[in-house]
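What follows is a set of notes on a single structure, which appears directly below.
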Amino acid sequence: MYTYIIKRLMGAVPVILGVIALVFILTTIVPGDPARLMMGQRGDPETIELIRKEFGLDKPLWYQFIDFFRRALTLDLGKSYRNNMLVTQAIIERIPVTAKLAAFSMGIAVILGVTFGIISAVKQYSWLDYGSMLVAMLGISAPGFWVGLLLIVLFCVKLGWIPGTGTGEGELIYYVLPSITLGVRPAALIARLTRSSMLEIIRQDYVRTARAKGLSERVVVLKHALRNAMIPVITIVGIQTAYFLSGAIITEQLFSLPGIGRLSVEALINRDFPIIRGVILFMALLFVMINLLVDLSYPLFDPRIKYE
Amino acid sequence: MLKRILAVILVLMLVAGVLAGCGGGQQATEEPAKEEQQVAEKKDGKYGGIFRKAIGANPPHLDPVHATDTTSAMIIYQIFETLVGLDSEGNLVPLLAESWESEDGKTFTFHLRKGVRFHKTIEGGTPTANGGREVTADDWVWTFNYICDPETKSPRAYFLDMIKGYKDYREGKVDHLPGVRKIDDYTLEIELEYPYTPFISVLAYNAFNVLPKEDVEKWGDEFNFHPVGTGPFKFEEWVQDEKVVLSRNENYWMKDEEGNQLPYLDGIEFRVIVDHTVRWTEFNMGNFDGMQEVDDPYYHEAKEKYGDSFQERPMMGTYYYGMNVELEPWKGNKKLRQAMNYAIDREAMIDLVKNGRATPAKGVLPPGMFAYNPDLKGYSYDPEKAKELLKEAGYPDGINITLQYNTSDGHKRIAEALQQQYKAVGINMDIKNVDWGAHLDSVERSEVPLFRMGWVVDYPDPDNFLYVLLHSDNRGPQGNYTRFSNPKFDELTAKARVETDQEIRKKLYQEAEQIVVEEAPWVFIYHYTTHVLNQPYVKGYKLPSFGEYSAKYTKVWLDK
Amino acid sequence: METRPDLQKETTVTKTKNKKREGRSLWMDGWIRLKKNKLAMFGLYLVIIIVLAALFAPFITKYDPYTQLIWTEGRAAQLSPPSAKHWFGTDVYGRDIFTRVIYGARISLQIGIASVLISVLIGVPLGAIAGYYGGLVDDVISWLINVIFAFPFLLFVLAIVAYLPPSLIIMYVAIGVVNWASIARVVRGQVLSVKEKEYVEAANALGSSDFRVIFKHILPNVLAPVIVQATLRVGNVIMLEAALSFLGFGVQPPEPSWGYMINQGRQFLLAGKWWWSVFPGIAIMMLVLGFNLLGDGLRDALDPRLKQ
């Protein structure tokens with residue numbers, strides 16, 4: 001088990017190094033001078049030069065790359081060009097909001113997705129099946145920001161159930177709409193996957209045996225089938241969590257949530273390269289960790305899987 | 001078995017929960033600040049309370065020395081103060097200097113206000129390093145030295161490059177700025193290299209506030225996150241991308257006419273809501289007392305619904321499409337540039353796309369600006385003339401051009417409308433957007449023949465328009481993006497800089513402007529308006545002609 | 001936001017196992033199965049209808065998608081509600097929204113198909129090479145795939161689209177370059193499993209060239225999962241364009257892109273002018289739904305295991 005973890009972590013090292021290289025390339029080949037941008041619409045060349053020097057932009061590219069690489073390995077990500085905040089601090093400040101959003105939207109996705117997936121599978125080809133699968137498909141087919149806006153109009157303006165966007169004084173009710181907006185898609189994916197793997201499993205011998213033994217349908221479904229059906233679901237949860245940032249960018253923008261997604265878009269627009277590099281590195285690390293966690297959780301559902 | 005499944009789900013959620021938990025601690029520290037907010041108390045018929053304002057972006061800087069944008073300025077105006085201020089009509093008024101005089105336009109003497117103190121506490125009662133001491137001429141001398149110090153890297157230091165010895169100081173030849181001197185504790189003298197009439201206006205710019213040396217030195221780079229000034233409001237809290245909270249400065253020097261302590265408000269909370277639609281929605285829900293930027297889609301509704309508390313007025317700024325006169329097809333082709341100006345129906349565009357929220361531009365200078373020329377011979381909509389000029393310019397079969405603008409829905413709407421009008425006279429204008437950074441960069445490198453640009457004054461003087469944006473010395477990042485160069489124009493605007501007689505200056509500027517209009521390096525489109533939307537119970541808010549962002553909340557109160 | 005259909009790798013990899021059948025009969029069987037699947041056929045019809053509308057746009061509507069009627073007809077033509085004259089109403093410039101929705105199908109289909117094609121063109125050869133040759137080549141390509149996966153994809157696309165001059169081509173390429181990894185991963189897995197088959201080994205033993213083996217024996221087996229993947233991707237890419245529009249980096253006006261229309265019209269939604277945003281919104285949902293249903297159906301149809 002531990003050797004497996006260590007092996008996996010070692011395997012992640014070249015990937016992370018690749019990400020570092022790629023992010024550096026992306027942020028250096030783009031046109032536009034960050035130092036110039038800090039001057040506002042007008043600036044004098046002398047100060048621009050001073051700022052370039054401060055950012056280390058006057059150094060040759062290869063030097064900048066090695067310097068960045070060296071620092072990144074020690075998690076020294078530098079300071080934001082824009083407001084001089086430490087990149088690590090800027091990211092840490094944003095984590096709580098995004099993490100809550102991730103937890104809630106994934107929670108919604110798993111609960112809704114698994115429930116409707118099972119119902120669909122058990123009642124295959126019924127109107128309930130077609131109905132929930134169609135809703136799931138629509139959930140995947142609607143642009144997130146559009147769904148979010150309609151939710152705001154409905155629940156904030158028309159019904160008045162939700163006080164507004166942002167995070168208020170930290171009340172959880174502010175996370176309801178963004179979490180739904182973000183959870184719809186994984187919920188639909190999970191529902192469809194649960195359905196298809198349930199269908200597959202229901203046909204298998206041991207489930208038939210269980211049925212033949214005279215166990216109630218409920219026990220059969222929940223005890224035997226669901227457990228096996230969870231494996232693809234766990235996979236999708238893992239992958240969606242990692243790819244969650246892309247959705248969070250849109251959702252946080254729409255719901256004025258000060259999370260990682262907002263941080264990265266603002267940084268992108270303002271050429272705040274240290275922040276962009278930091279966020280991408282952070283997300284890549286998270287991706288690796290989550291994938292590892294997901295893999296480690298497989299044996300819980302299928303004792304045949306063991307890591308040595 | 002099911003338990004184990006649940007356990008795993010729980011574990012996954014816990015992992016996220018633990019991460020989320022980091023925020024718990026932060027919120028706990030917010031609590032004391034919250035308790036301190038007093039319930040709105042009655043002050044001689046005027047209520048306090050917290051003013052909640054929705055803004056469109058997170059300010060990058062609360063340190064005035066490094067700020068270059070209007071969002072930052074909006075908050076800086078509340079925390080910090082300059083020597084001279086602008087009233088809501090754009091006139092210079094005393095602020096931390098009670099009066100000033102100059103005989104030759106070269107040496108200025110400022111008589112400082114007594115009893116002005118730096119903030120004693122910020123951030124929920126934490127004492128500041130300066131201890132709330134009084135501001136004296138020493139502080140001003142230190143502040144100007146600090147701003148102009150190359151180590152500080154202030155992007156606005158060059159605004160002060162006419163101060164005597166600026167260059168020597170920047171180059172390290174002298175260890176202090178010789179032009180700024182203390183006469184006594186309450187008298188400050190500033191000497192310039194040459195007479196420069198708009199100098200007082202420059203001092204009203206929001207970068208040149210007095211700073212407490214102790215706190216700046218204590219925090220260093222971090223001063224941005226712990227700003228200390230003399231203004232009506234003190235810094236309390238800044239959650240990046242979410243909100244900036246200010247509280248009342250109970251030791252503020254200003255009193256109202258009846259002798260009541262100002263400001264009336266207990267505090268201001270600026271909340272960042274990026275999306276226009278959401279901002280407008282939440283304002284309507286009553287979640288805010290004021291909001292920035294009512295976008296065109298909601299304009300009519302806002303006017304109807306809020307009446308007088310939706311204020312708007314012309315603002316000193318001009319929106320234009322620049323034609324780089326060193327690049328094809330504009331190079332040496334005045335007629336083509338003029339055709340560009342004749343081809344567009346500004347009135348119709350403003351009416352239909354901007355809801356009439358702008359003044360058609362005939363020239364460079366906006367109305368309300370000193371030397372604005374109401375009799376200027378500008379361009380009107382004349383598609384026939386445009387076609388004719390196009391033919392004379394050597395393009396009888398029309399021309400293909402590309403407009404570059406920086407990404408924004410507003411610019412996009414205008415460009416789409418003008419695109420259609422140009423098409424009607426045979427000018428096929430493609431439009432492409434790039435982000436602001438790439439836009440500025442490529443425009444300044446003289447790579448873009450046709451580009452959108454706008455200018456809103458830093459200080460209310462034609463110098464900030466004509467000299468800065470069109471004088472050949474300022475080609476490139478300093479402001480002359482079209483690379484316009486005209487010896488006569490250069491001479492006129494340079495002369496007006498040092499001229500002290502306002503009547504003569506006016507003539508010089510008007511003559512210079514007429515040259516620009518004739519040469520047409522710009523497509524003159526419109527002059528901006530500024531606006532603000534407050535709830536009807538907001539009282540005492542005057543919309544400044546300098547722009548909504550420059551409003552001070554000293555005398556604002558809530559009647560609810 | 002984004003499905004990562006690569007998670008189907010576990011299922012697809014094993015699919016063609018033990019089925020040595022002629023390519024044609026597989027396709028015929030697939031088609032017969034597809035025809036039985038009502039939802040998939042519904043998806044197919046949706047896609048066909050939209051493709052036809054896009055092709056014959058000028059014959060369907062008498063308006064031009066670019067003509068702004070406000071200059072000739074004044075305010076009456078501005079944001080006029082749906083009527084007999086303008087079925088879907090007009091936008092703020094007095095352009096006919098029905099017309100723009102019809103023409104917009106061209107843009108959405110173009111972006112969807114072109115960028116997926118690019119990712120297929122990159123992904124299939126790289127995946128096949130990696131799977132077939134293994135060893136160092138495989139290591140390098142797999143590493144590249146993992147790096148792309150660990151990179152937050154929306155930030156990747158944004159970084160390219162935001163900083164480079166806007167054009168449809170750049171958008172295809174940006175999206176294609178990000179998407180190839182998931183195609184390559186599927187292909188690689190598939191090739192790995194096919195490679196071990198007796199007939200491939202036999203072909204190798206008979207001295208067929210690698211080229212011939214790959215094209216004649218391996219690629220046909222890989223085609224089915226690639227088609228499924230690609231179909232599902234198209235829907236995602238169309239949604240991605242809408243998300244880019246929301247952030248301000250979508251297709252340039254005056255091209256009638258749906259994402260751009262939804263996003264511009266969105267601001268008028270609250271003012272009661274719902275038609276500018278809602279009709280293109282429905283259009284996008286229908287097209288994405290069509291591709292997703294079709295993709296799902298194809299997966300079921302081309303997966304012989306379900307044929308029981």
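Each chain gets a letter, A, B and so on, in the order its sequence line appears, and its residues count up from 1.
For chain C, the nearby parts of B:Asp351 are the backbone and the side chain; heavy atoms of each come within less than 4.5 Å. Residue B:Gln404 does not touch chain C at all, counting heavy-atom pairs closer than 4.5 Å.
The two residues B:Ser446 and B:Leu327 have their closest heavy-atom pair at O-CD1, 3.4 Å.
If you tally non-hydrogen atom pairs under 4.5 Å between each of B:Lys423, B:Gln421, B:His276 and chain C, the highest count goes to B:Gln421.
A donor-acceptor pair under 3.5 Å is formed between the side chain of B:Asp275 and the backbone N or O of B:Thr277.
Considering only heavy atoms from C-beta on, B:Trp280 comes within 4.5 Å of B:Leu533 through its side chain.
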**Request:** For B:Arg452 and B:Asn406, run side-chain hydrogen bond (donor to acceptor under 3.5 Å, both in side chains): C-alpha distance rounded to whole Å, both residues' side-chain angles, the deciding distance at 0.1 Å, then the answer.
**Result:** CA-CA 7 Å; B:Arg452 179 215 80 86; B:Asn406 58 300; 2.9 Å; yes
